[in-house]
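Just below is one structure, and these are the notes that go with it.
Keep in mind that what you see is a predicted model, and the values were worked out from it rather than measured.
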Amino acid sequence: MIERQERDIWRDGALFLIGFGGIFLGEFVLSGAVGADGTAVHGFLLGCSVGISCSGIFRATGKQAVYSTLALGVGFALGAVINLF
């Protein structure tokens, strides 16, 4: 269960924008430049970006934000590896 914090528009907005910027960077800039689309590294970066963005949306505490970000990153990386087979 996510323990919500009080609404802090600057913190929540910054987390959302960092996550959205990471998604944009990973999908449009890095994928085309290094040809890493569909690899485990690409999945990890995308999952971490989604986790950071969701932490801002759901007002998670710092500890919960770190755990959910890493869990999503590992999950997306595993999904990318499984998708290769």
Spacing of [atom1] belonging to [X] relative to [atom2] belonging to [Y], to within rounding of 0.5 Å:
X   : Y   : atom1 : atom2 : answer
I52 : I23 : CD1   : CD1   : 9.5 Å
T39 : L45 : OG1   : CG    : 8.0 Å
S49 : F20 : OG    : CZ    : 11.0 Å

Which atom names give the shortest non-hydrogen contact between [X] and [Y], and what distance separates them?
X   : Y   : answer
C48 : T69 : O-CG2, 3.5 Å
A40 : V81 : CB-CG2, 3.7 Å
F16 : S53 : CD1-OG, 3.1 Å

Practice task
Following the transitive rule for hydrophobic clusters with a side-chain heavy-atom cut-off under 4.5 Å over Ile, Leu, Val, Met, Phe, Trp and Tyr, establish whether F58 and L17 coincide in one cluster.
Solution key: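 Shared cluster, yes.
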
Practice task
State yes or no: do F44 and L78 share one hydrophobic cluster built from I, L, V, M, F, W and Y residues joined by side-chain heavy-atom distances below 4.5 Å, directly or via other members?
Solution key: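 Same hydrophobic cluster.
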
Problem - Stepwise side chain to side chain contact (heavy atoms under 4.5 Å, CB included) check, R59 with E6 - result: CA-CA 7 Å; R59 301 185 312 220; E6 291 294 320; over 6 Å; no

Handout entry: R7 with D12: basic N within carboxylate O range, under 4.0 Å
Key =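 Salt bridge present between R7 and D12.
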
Handout entry: Pairwise side-chain contact, S55 with S68, heavy-atom cut-off 4.5 Å (strictly under)
Key =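 Counting from C-beta outward, S55 and S68 do come under 4.5 Å.
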
Handout entry: Residues which pass ring pair (Phe, Tyr, Trp, His ring centres under 6.0 Å) with Y67, listed by chain and number, not counting sequence neighbours
Key =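 For Y67, no residue satisfies ring pair (Phe, Tyr, Trp, His ring centres under 6.0 Å) once neighbours in sequence are set aside.
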
